[in-house]
Structure formats: structure tokens, C-alpha cells
> 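If you scroll down you'll find the structure; I have some questions about it.
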2 protein chains.
Amino acid sequence: MVTLDEVAKEAGVSMATASRVLNGSTRRVGALTRTRVESAAAKLRYRVDSTAQTLARGESNVVGLIVQDLFDPYFAEIADGVIRAADLHDMVVTIGTTYRDPEREIAHVATLTAQRARVMLIVGGRMADESVIRRLRAELDVYRAAGGQVAVIGQQVLGVDTVSPLSREGGYQLARALAGRGHRRFAVLAGPARQLSAIERTAGFLDGLSDLGFPAPFVVHGGFDRDGGYDSALELLDMNTDVTCVFAVTDSMAAGALAAFRERGVQVPRDLSLAGFNDVPSLHDVIPALTTVRLPLARMGALALELALSHEDVPRVVPVPGEVVLRESVSDLTGASPDLV
Amino acid sequence: MVTLDEVAKEAGVSMATASRVLNGSTRRVGALTRTRVESAAAKLRYRVDSTAQTLARGESNVVGLIVQDLFDPYFAEIADGVIRAADLHDMVVTIGTTYRDPEREIAHVATLTAQRARVMLIVGGRMADESVIRRLRAELDVYRAAGGQVAVIGQQVLGVDTVSPLSREGGYQLARALAGRGHRRFAVLAGPARQLSAIERTAGFLDGLSDLGFPAPFVVHGGFDRDGGYDSALELLDMNTDVTCVFAVTDSMAAGALAAFRERGVQVPRDLSLAGFNDVPSLHDVIPALTTVRLPLARMGALALELALSHEDVPRVVPVPGEVVLRESVSDLTGASPDLV
DNA sequence: CTGTTAGCGCGTTCAA
DNA sequence: TTGAACGCGCTAACAG
């Protein structure tokens, strides 16, 4: 690989000059020398070594991104937003996936620290396990002590910059919207009992119902993904409740629930209404169209990066409201209009 | 950030020794010294600087991955496989997305070269544009000249290690399978006219039909994604053909086509049968279940990494066969059994 | 088994 | 405006 000083020699200048024209910020170089260096670099097919730059500058251009699972469209969309934003800053994105294993999360933080990532973005509902959180925070502390910037997308538990989807409020608004359709008796497929964002969404939903004076819903815990929704839905059906509407705390879970209902001959929304959360685009074509709470995932990813890059001393929290989107999967029980759009 | 020689001082040993116990491969260090170094490192919260390691070793631990769009489950699943495999090798994955823009692809290759990525994985059907391919190849050449390893997932056009989905054969087998269900008159939603994998799938399909002595299908070109399928399907309907079965060269396109058919009141598979390609898991819940050709995407990603890591002088090609999966979206016209599983 | 030394490729003072 | 020299944090000979 061609190095900078080979280019310098070829151009008949010093390394310092070559560095200035090829990578320097202050461009105080004579026009002639500049073109000489540039053509030498082109001729030799010179490519900077950004690892050497990182070492010399003490600052890298890598964005570390930690997600649970790229396979989940929720994370994929956020990752997409991060990558787009990073591109604008000429930064590269290193992705680590945890598959919901906190140990892997901690390991990734360590790895990204070793990479001297300039910023680190952590996505996804942390589990409410104190001991794990403590160790994660410890690992983050050594990263930050070295000048690294951290931003989190999700629950605000780490004392760092946070892009915070208003899960609780989303659940709350969803409850009111569903009530507006005439539903009174609900069930919640609540996901893992210790998953913070699942907890928040459920809690907001419960609050909404309780403020309305409605009975508390049936709550079924289970996995956070499609299969979790499927299993929870079957479990719910076996309980033989009289609910008219089911809230799955994730679109993926709702998709699973839909499959389960279908298998059991339960028609949505005729026999049972269903709502999800996130408004994942890849689920836009499911039938019936899913009522859900929309989150601007890609924008949240970009936002997190900007937050981390523009770091200030005091941790900031950017709340991101969700938007209830009523679609066919929820029936209208008010009698006013039996058909939905 | 704590450096290696601070650790060495703390432990009362030389940097070399500290390096050996903390990062060296040959672990010929006395037990006592070893523990002394280890506890010093722990006490000081030392974290290696892998950029410095890269510089010193002349070899990095980053895997560069170039995909078109993380949002597309096809790429997301491959990326997942790559990340998992990289993890096994203690390597990190840097992802760049091209959004199908060849210029961005070339730019990413340059960036990853600058990062001194140890291997580079390029995924996705290249466009059949000679001039772009030439420039891409030129950029790859400087990367490879520096000792970088490249593997491609997709069409074999670059003279490097390739994981090659047997698109043509997949299309061929699909044609035969559909014929086995009694279909004779087909249409193909063929995607972009210059997209290699789309071309291959279509060509194989045509071959299959022609070998069977069936008439050539209607071919509609369009976008490669969900919306492309949607638009192409509408276009097909407007042509008022008498086809009984439609092959969309992508599952995402098939999903879009399904939506279009539904809007127009065309029921699948009663009025029209539909098949896709890829067997994307996130589409497993669509109704009716999609007949498709399954590709082991995650495994292909892992495979590509192994290929690149175990580089040999002569470029290798690993063909990956697809598997036809017949599901409800294709009706059985043979009359033998009017209902499908 | 351990220490000394010389780079890896680049940015950046400090002089000229 | 340009060049010489040092250092970033670490590994890898080479000695001892």
C-alpha cells in the first residue's frame, strides 16, 4: 500500500505538505504544489490510512452502533437512519448485535472502546436488571472517560444523551384511541416482564384505561418478537376472556398474534381487534392493516448521532412522541359507522 | 485513556511483556508476571487501542460489508449472518449502504480501503453497466493490491471469491414446479432490466417454460422492491392478459403485487397465482402464504466471510442452490386436489 | 522468559 | 508557504 511519504517523494515535497493537501483542514498550500501532490497521489493510487490518522489525531471517524438484532425491522430502520447520518459526516458505522444478551452488549461496548469509536449509539430497551446495568454503565464509564460520546435510543437509564420514544404516552394515547372506537375490555400482550420499553408501553396503556374508568386488561407476558406474539396470543385465547381488543406491544408481536388468531379461526377485526406498536413499514401489507403507534425510527437514529456529536456537559433527553395510526385491524364498536376506512 | 506502558509501569514490567500477556498470541510469560500485569490492567481499566494494533501489525480486524439497503430484509439477513460469523473471529463489521447507487458503492470501497479493512464483502446484484463495473473493479484492485480480501455475494462478475446464489437455476426450477401445478400461461414481474440477479431469475424462468414447450410469458419490468412490485402488478393487470400465474423476482415485489391485486379485487390464488423469490422470513405471515424460492441468506453471509478469510490465489465460486417452496399463493390447476396444504 | 529498540503511517508542533 | 522532527499506542524482531 502506498504511503504518504512515497507520495511526497514523488511530488518532490515534504510529508507535511503532502499531508496538508491531501487530508489537512487548513489548506494553506501553494496552488502549484497542491496540484503536484494531487497528481502524484492519483498516479500512485494513494489511499489514506485512517487507522494511522486516528492514532495521530487521537480521534477516529467511527460510529459504534449497538442493536439487538438487525433482523428485526425496528433496529434495521434505526440503523439505516444512523448510517445515512454518519455518511453526511464522513463517518463509518460499526454495528454490533446483542441478540438481547446483556453480556454481549457489554462486550460490544468494550470492543468499540478498543476501536476508539468517536461515538457510541446504543439502541433498545434495556432489561431491568440492576446488576447488568451497573456493569454496562461501568464499561461505558471507561469509554466516556477516554472522551467517547454515548447516546442511547430508548429508556433513559444511563445518564447519557438519550433519544427517548414516549412509550408510556404512546400506550396511553393508544388506549384512548381504542376507547374512542368503543372498546372497553382489553388484553395486553406485554412482552418480557423485565423489558423496559415493553413495561412502559403497557403501563401507559393501563393508565389510559384506568383514567377512563375501564376495567384493567388481561396481561400476558412472553417474547418480544413475532413468535412471542404468536405464543402469547394462543395463551390469551386459551384463557377464554371476553375482551374485544388486544394490544400487542410490538408490531412484530401483533403479526404473530394475527397468525395465531387466524389459525384458531378468530377473525380480525370482526371477532377481535388488534393493535401493535412501532408502525414497522415491512408490515404495512399485512391484512388487515395494523392499528399501531408510529415512531420515526430512522429519524431517531440520525437524531441520536447528532446528539452524541454535539455533546454537551449535561446529558440531554430528546423525547420523541409516537402517533396513533388507526387502521382496519381495530373495529368500530360505536355503531356510528360499521366500516372503517 | 490508559496506555499499555502505564500498565507496564504499574506492573513493573516492560511494555513488551505487558503486550504479550494482554494481547499476544504466544503466551510464553511467567505465571506471576502474568497475573501482575493482568491485575495492573484491571486496576487501571486498560483497554487496548485496536487502531494502534492495526498500525503495528499491518492488519486490522474489521470486516467491511457493503449492502444496498439494510431496510430490505434480504440484506438485513445477510448482514446478520456476516455479523455473527465475524463475531466468531473477534472481528468487527463496518456496514455501508449504497441505496443502489453505484457511485456510493465505489465510495464505500474507498472508505473501507482507508479503514484498512481486512476483508470486504459486497452484496447484491450489480447493475450491468460496464463503465461503472470497470471503475468499481479499479477501486477494488487498489484495495486488493494492498492485501485486502474481497468476496462477493451475488453474480460473479468481479473475478473474486463469490458466493453465488443459483438464480438462474432457481427460476428454472420454479417454472417447473409451477407447471407441475398445472399452470401454462405466466407473467414475470422482472424488476430492473439491467439488474443482474433479476435478469438471471427471469432468464431461468423463461428457459424452464421453453423447455416445457410453454408459451413465453409476459414480462413487465420495474423497480426491485415492494413498490416496484406493486406498480408492475398494476401494469400487468392493465394489459388484460389471460395468465394464471405471476412470478415476481423478489418476495418484496410479490408482497407489493399482492397489495395491488387485492386493491383491484383480484384474489390470490383463486383468480391468479403468485410466486416470489428469496423466502424472506418477515414475509412469512402474509396471506396467502407465498410460494417462493428459499435462499439461506444468513448462511451465505457467513460463507462469504469464511471465503474471504481463507483466501487462496485462484478465485473460488460457491454456488448456493435455492429451494422451491410451494405455498398457498399458487393454486393447483391439475384438478387432482383443489385444495392446497 | 523478559527487556530494548525500531518502526507502523500519519498529524502537528516548531523553525525556517 | 514549506520542511524536519517528534509522538500517537502498539507489535515484533532481536538480544539477553
Side-chain angles (χ1 to χ4, degrees), chain A residues 1-38 40-41 44-62 113-118 142 145-148, chain B residues 1-38 40-41 44-62 113-118 142 145-148:
Chain A
M1 179 104 278
V2 181
T3 69
L4 186 57
D5 78 351
E6 299 182 51
V7 174
K9 282 198 180 65
E10 171 79 21
V13 301
S14 72
M15 265 187 65
T17 301
S19 171
R20 285 190 270 256
V21 3
L22 293 176
N23 318 306
S25 30
T26 49
R27 22 180 63 209
R28 300 157 137 253
V29 176
L32 181 67
T33 352
R34 164 173 297 280
T35 58
R36 274 238 300 269
V37 172
E38 279 165 348
L44 266 38
R45 301 187 160 288
Y46 169 75
R47 298 290 181 274
V48 225
D49 183 332
S50 52
T51 71
Q53 281 186 315
T54 297
L55 194 54
R57 297 211 250 245
E59 183 180 72
S60 82
N61 69 334
V62 351
T113 303
Q115 271 220 127
R116 296 300 185 261
R118 182 139 113 231
V142 357
Chain B
M1 180 105 279
V2 181
T3 68
L4 187 58
D5 79 350
E6 300 183 51
V7 174
K9 283 198 181 62
E10 172 79 20
V13 301
S14 74
M15 264 186 68
T17 300
S19 171
R20 284 190 271 257
V21 3
L22 294 176
N23 318 307
S25 31
T26 49
R27 23 180 63 208
R28 302 157 135 252
V29 176
L32 182 66
T33 348
R34 165 173 295 279
T35 59
R36 274 236 302 268
V37 172
E38 278 166 347
L44 266 37
R45 300 186 162 287
Y46 169 75
R47 297 291 180 274
V48 226
D49 183 332
S50 51
T51 71
Q53 281 185 316
T54 297
L55 194 56
R57 296 210 249 244
E59 183 182 71
S60 81
N61 69 333
V62 350
T113 303
Q115 269 218 131
R116 296 300 186 263
R118 182 140 111 231
V142 358

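Reminder, nothing fancy here: chain letters follow the sequence lines and each chain counts from 1. Model, not experiment: these values are computed from the prediction.
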> Nearest 0.5 angstrom please: A:Met15 CE to A:Leu22 CG, how far?
11.0 Å
> Taking only side-chain nitrogens and oxygens of A:Gln53, does any of them come within less than 4.0 Å of OP1 or OP2 of C:dG11?
yes
> To the nearest angstrom, how far is A:Asp49 atom CG from D:dG9 atom P?
16 Å
> Starting from the 5' end of DNA chain C, give me the residue, B:Leu55 or B:Ala18, whose nearest nucleotide shows up first.
B:Ala18
> Within the structure shown, what part of the strands sits under 4.0 Å from B:Gly58 by heavy-atom distance: base, sugar-phosphate, or nothing?
nothing
> Would you say the base of C:dG3 and the side-chain of B:Arg20 have a donor-acceptor pair closer than 3.5 Å?
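For B:Arg20, whose side chain was compared with the base of C:dG3, there is a donor-acceptor pair (under 3.5 Å).
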> Would you kindly give the CZ-to-C1' distance between B:Arg116 and D:dT11, to the nearest whole Å?
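It works out to 18 Å between those atoms.
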> How long is the gap from OG1 on A:Thr3 to CZ on A:Arg47, to the nearest 0.5 Å?
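CZ of A:Arg47 is found 14.0 Å from OG1 of A:Thr3.
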> Using the closest heavy atom to pick a nucleotide of DNA chain C for each, name whichever of A:Met15 or B:Thr17 lands nearer the 5' end.
B:Thr17
> Check for a donor-acceptor pair, side chain of B:Arg118 on one end and backbone N or O of B:Ser60 on the other, with a separation under 3.5 Å.
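Yes; at least one donor-acceptor contact below 3.5 Å.
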> Round to the nearest Å and state the distance from A:Arg57 atom CZ to C:dT12 atom P.
6 Å
> Can you check the A:Asn61 CG to C:dC10 P distance for me, whole Å?
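From A:Asn61 CG to C:dC10 P: 14 Å.
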> When the distance from CG of A:Leu4 to P of D:dG7 is rounded to whole Å, what number comes out?
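Those two atoms, CG and P, are 20 Å apart.
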> Output yes when at least one side-chain N/O atom of B:Thr33 is less than 4.0 Å from OP1 or OP2 of C:dT2, else no.
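For C:dT2, OP1/OP2 do have a side-chain N/O of B:Thr33 under 4.0 Å.
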> Using a cut-off of 4.0 Å on non-hydrogen atoms, how would the nucleic acid contact of A:Thr51 be classed: base, sugar-phosphate, or nothing?
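Nothing, no heavy atom under 4.0 Å.
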> Whether B:Asn23 contacts D:dT11 is assessed here as follows: a side-chain N or O lying under 4.0 Å from the phosphate OP1 or OP2. Is that the case?
yes
> Measuring to OP1 and OP2 of C:dC10, would you say a side-chain N or O of A:Ser19 lies under 4.0 angstrom away?
no
> Starting at CZ of B:Arg47 and ending at C1' of D:dC10, how long is that distance when rounded to a whole Å?
17 Å
> Taking only side-chain N and O atoms of B:Ser14, does any of them lie within less than 4.0 angstrom of OP1 or OP2 on C:dG3?
yes
> When the distance from NZ of A:Lys9 to C1' of C:dC10 is rounded to whole Å, what number comes out?
14 Å
> Taking the minimum atom-to-atom distance to the side chain of B:Ala56, which one of C:dG9, D:dG9, D:dA4 wins?
D:dG9
> For A:Arg116 and B:Val48, which heavy atoms make the closest approach, and how far apart are they?
NH1-O, 3.0 Å
> What is the distance from atom CD of B:Gln115 to atom CG of A:Asp49, rounded to the nearest 0.5 Å?
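B:Gln115 CD to A:Asp49 CG: 10.0 Å, rounded to 0.5 Å.
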> Pick base, sugar-phosphate or nothing for A:Met1, based on heavy-atom distances below 4.0 Å to the nucleic acid.
nothing
> Check the distance between D:dT11's P and B:Leu22's CG and give it to me in whole angstrom.
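Result: 9 Å.
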